Amino acid sequence: MENQAPLGLGVAGADGRMGHAVLALVAMRDDIEVAGRITRATPAERTLGPCDVIVDFSTAAASAALAEAAAARGGPALVIGSTGFSEPEEGAIAAAARRIAIVKSGNFSLGINLLAQFVREAARRLSADDWDIEIIEAHHRGKADAPSGTALMLGEAAASGRQSTLADLAVRGRDGLTGPRPAGAIGLSSVRGGGLVGEHSVILAAEDEILTFSHSARDRRLFARGAIAAALWVRAKPPGLYDMADVLGFGR
């Protein structure tokens with residue numbers, strides 16, 4: 001059997017921190033070639049043609065526009081790591097996924113995706129009447145959105161374990177006289193400072209014991225590796241909206 005041709009990879013947000021990390025790893029591989037770079041100065045329309053897959057770490061608005069453009073021409077597939085999406089932007093990506101394959105994740109780390117599975121299972125097994133859930137995330141001073149996409153992903157995992165949605169259970173940004181904590185709520189708190197790459201903790205607190213899950217990112221290359229793995233996986237997939245649980249083969 002002949003070897004498969006190298007993956008033609010486009011990188012959206014190529015001038016950003018994650019874009020640089022993806023390009024640096026691709027430069028060390030023989031099975032992937034850089035087919036295009038999308039930056040603020042380079043419109044996506046000029047880059048779609050030669051790409052098999054585009055890895056996108058840009059902005060929510062740019063990712064939604066890229067998804068619409070790719071869907072309109074029937075490709076390429078996308079790997080989206082941008083965060084901070086509005087409801088209309090989420091809708092645009094979901095609509096695009098009916099025509100092209102899209103992997104969208106708040107975090108491409110293997111460890112974080114395992115953590116989400118643990119959080120879902122813990123929330124399912126520990127009663128909401130007795131166990132409160134709080135999620136704390138910390139990132140560098142330049143991060144524009146809060147809570148982080150990863151914190152929201154962990155919150156959705158916890159809510160799923162309790163057969164609900166994060167939209168129904170989330171409590172954000174407590175300030176002032178807030179009153180007693182609502183039963184079953186999922187609290188989200190954000191810290192911004194310095195060069196923090198990414199710190200996430202999920203605290204499950206009962207009256208007489210506390211369970212804490214945590215993850216620390218040490219280098220952006222870990223996210224770039226996950227995004228590249230997702231790009232190789234999604235290359236031949238049919239249209240649909242996938243996430244890293246699909247890429248990694250985790251059961252739901």
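Bear in mind the structure is a predicted one, so any value in this text is a computation, not a measurement.
Residues Leu78 and Val103 have side chains not in contact (no heavy-atom distance under 4.5 Å, counting atoms from C-beta outward). Counting heavy atoms from C-beta outward, Ser201 and Phe213 have side chains that stay 4.5 Å or more apart. A 4.5 Å side-chain heavy-atom check between Leu188 and Val171 finds every atom pair outside the cut-off. Counting heavy atoms from C-beta on, the side chains of Leu7 and Leu232 come closer than 4.5 Å. When side chains are defined from C-beta on, Lys143 counts as touching Asp145, because their heavy atoms get closer than 4.5 Å. Within the 4.5 Å cutoff, the side chain of Ile133 has no heavy atoms near those of the Val119 side chain. The shortest side-chain heavy-atom distance between Pro76 and Val53 does not fall under the 4.5 Å cut-off. In this structure, Leu9 and Val26 have side chains that are in contact, with non-hydrogen atoms separated by less than 4.5 Å.
Across all non-hydrogen atoms, the minimal contact from Ala146 to Ser190 is CB-OG, 3.6 Å. In this structure, Ala227 and Val79 approach most closely via the heavy-atom pair O-CG1, 4.0 Å. Heavy atoms only, all atoms of each residue included: Glu89 and Ala61 are closest at OE2-CA, 3.5 Å. Across all their heavy atoms, Val234 and Ile102 have their closest contact at CG2-N, 4.5 Å. Residue Ala94 comes nearest to Leu241 through the heavy atom pair CA-CD2, 4.5 Å, listed as atom of the first residue, atom of the second, then distance. Taking every heavy atom of both residues into account, Ala96 and Ala67 meet most closely at CB-O, 3.4 Å.
Rounded to the nearest 0.5 angstrom, Arg120 CZ and Leu154 CG are separated by 9.5 Å. In this structure, CG in Leu115 is found 8.5 Å from OG in Ser109, a value given to the nearest 0.5 Å. To the nearest 0.5 Å, atom CZ of residue Arg17 and atom NE2 of residue His140 are 4.5 Å apart. To the nearest 0.5 Å, atoms CD1 (Ile80) and OG (Ser58) are separated by 8.0 Å.
Under the salt bridge (charged side-chain N to carboxylate O under 4.0 Å, His left out) criterion, the residue pairs touching residues 172-195 are Asp132-Arg181, Glu134-Arg174, Glu134-Arg181, Glu137-Arg192, with sequence neighbours excluded. Identified under the salt bridge (charged side-chain N to carboxylate O under 4.0 Å, His left out) test for residues 90-100, with sequence neighbours left out: Glu90-Lys104. Residue pairs meeting the salt bridge (charged side-chain N to carboxylate O under 4.0 Å, His left out) criterion with at least one partner in residues 62-77, sequence neighbours excluded, do not occur; the list is empty. For residues 49-65, the pairs satisfying salt bridge (charged side-chain N to carboxylate O under 4.0 Å, His left out) are Asp52-Arg235, with sequence neighbours left out. Note on residues 116-139: pairs passing ring-ring contact (aromatic ring centres under 6.0 Å, His included), not counting sequence neighbours, are His139-His200.
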Trace of the side chain to side chain contact (heavy atoms under 4.5 Å, CB included) decision for Val197 with Asp219
CA-CA 7 Å; Val197 175; Asp219 192 297; over 6 Å; no

Going through the distances and angles, do Ile228 and Arg29 end up as a side chain to side chain contact (heavy atoms under 4.5 Å, CB included)?
CA-CA 11 Å; Ile228 289 170; Arg29 302 183 62 130; 3.7 Å; yes

Test side chain to side chain contact (heavy atoms under 4.5 Å, CB included) on Val11 and Ile38; report intermediate values, then the result.
CA-CA 6 Å; Val11 180; Ile38 301 173; over 6 Å; no

Evaluate the side-chain hydrogen bond (donor to acceptor under 3.5 Å, both in side chains) criterion for residues Thr150 and Asn107: first the C-alpha distance (whole Å), next the side-chain angles of each, then the deciding distance (0.1 Å), finally the verdict.
CA-CA 5 Å; Thr150 302; Asn107 194 299; 2.8 Å; yes

Working for side chain to side chain contact (heavy atoms under 4.5 Å, CB included), residues Leu23 and Arg37:
CA-CA 9 Å; Leu23 290 168; Arg37 293 174 170 84; 3.8 Å; yes

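Judged as a ring pair (Phe, Tyr, Trp, His ring centres under 6.0 Å), and not counting sequence neighbours, the contacts of Phe108 are Phe57. For Phe85, there are no ring pair (Phe, Tyr, Trp, His ring centres under 6.0 Å) partners, not counting sequence neighbours. For the salt bridge (Lys or Arg N to Asp or Glu O under 4.0 Å) test, residues two or more places apart in sequence or in another chain that qualify with Glu199 are Arg218. Contacts of Asp30 classified as salt bridge (Lys or Arg N to Asp or Glu O under 4.0 Å), with partners at least two apart in sequence or in another chain: none. Taking Trp233 as the reference, Tyr242 meet the ring pair (Phe, Tyr, Trp, His ring centres under 6.0 Å) condition, with sequence neighbours excluded. Residues satisfying the side chain to side chain donor-acceptor pair (under 3.5 Å) test with Asn113, not counting sequence neighbours, are none.
Ile210 belongs to a hydrophobic cluster whose other members, connected by ILVMFWY side-chain contacts under 4.5 Å either directly or through intermediates, are Ile136, Ile203.
Linking ILVMFWY side-chain heavy atoms closer than 4.5 Å, directly or via other members, places Leu211 and Ile112 in a single hydrophobic cluster. A continuous path of Ile, Leu, Val, Met, Phe, Trp and Tyr side chains, each step under 4.5 Å between heavy atoms, connects Leu110 with Val55, placing both in one hydrophobic cluster. Hydrophobic clustering, with ILVMFWY side chains joined whenever heavy atoms are under 4.5 angstrom apart, keeps Met153 apart from Leu196.
At a cut-off of 3.5 Å, with distance as the only test, a side-chain donor of Ser82 or Ser63 sits close to an acceptor on the other residue.
With hydrogens and angles ignored, the 3.5 Å screen pairs a side-chain donor or acceptor of Asp243 with a backbone N or O of Asp246.
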